[in-house]
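Single-structure report; data block below.
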Amino acid sequence: MALTITPLTAHTGIEATGLDFAQPIDPADQTVLRRAFVEHHVLVVRDQHFAPDQFTAAAQLFGEIQPHDKKERHVPGHPGVDYVSNDQIENGRRIIPGETFHTDHSNHPSPPKATMLFAVELPSRGGDTQYVNMHDAYDDLPADTKQRIDGLKAVHVYQSKYSPRPLSQISDDSRRKLPPPGIHPLVRTHPENGRKALFLNPVRMESIIGMEDNAALALIEELMRHATQKKYEYRHKWRHGDWVLWDNRSVMHQANPDYDMKERRYLYRLMLKGETPV
Ligand code: SIN
């Protein structure tokens, strides 16, 4: 079957059909997919049938695997493959990984360029993932706001004292292996598509260098309110067999806990190494 590419919105998301990642992918198709990923930011491939090792092999078509900070959470028997699920309860509270808008592992000096999920078990309804386009959000900012944030840098730690949600516990061993905080510009330039993008993550942003915390929090809230408008969104409604790859340099994302928690939502997850944001 021939590879077909269909945009999912005018600004974000593309669906590829005619692919079976369990088979070798034609080099020309690989080039088309890599280009589509960089230009459309979210790449959706339907009807895949991955075992964990095949999921890893598909990821490696797009880059080098970036290990997750939490070494203790992985698919049983596959220490290199992480997962997200809705069945973790800590201190009487259910943990939904990725429940508010964020970009992944921005506490790293070189955060992952991309993340991917593969839907293994899904609730009968809900549990969508929302993506917002941070290039368009940046482009639409008023000129005086662009000027105000130009050159500002934020300190990203594992979990900010201002995080809107708790993260699940991390073992002492994983915590010891955390990198030093990432110090990143609020506006970064995508190294492959050349576009500027807002780079925000309220879960991890501890401070903005040279600003009082109250002023920094107000600025982050203003930028988040702007960036999370529906006009910047692609909302992915999961189907069994969906494989979704997104560009953390171009989008923020969030998981929706809007389904019956008696149903399981379980997806394999991997990230790809990225560059230092500039
Ligand atoms: C995440 O990677 O933040 C989780 C997204 C999701 O489960 O939809």
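Note that ligands are numbered from 1 as they come in the structure, with each ligand's atoms numbered from 1 the same way.
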Criterion ring-ring contact (aromatic ring centres under 6.0 Å, His included) on His135 and His41, from CA distance to verdict
CA-CA 10 Å; His135 296 304; His41 326 305; 5.1 Å; yes
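Protein residues with a heavy atom closer than 4.0 Å to ligand 1 are Val84, Pro97, Gly98, His102, Leu117, Thr129, Trp246, His253, Ala255, Arg265, Arg269, listed by chain and number.
Using bins of under 30°, 30° to 60° and over 60° for the plane-to-plane angle, the ring pair Phe21/Phe50 lands in the parallel bin. Ring pair His236/Tyr234 is tilted by interplanar angle, where 30° to 60° counts as tilted. Phe118 and Tyr268 have tilted rings, their planes meeting at an angle from 30° to 60° on a 0 to 90° scale.
Cation-pi contact between Arg235 and Tyr131: absent, since separation from the ring centre below 6.0 Å together with deviation from the ring axis within 45° is not met.
In this structure, a donor-acceptor pair under 3.5 Å is present between the side chains of His108 and Asp69.
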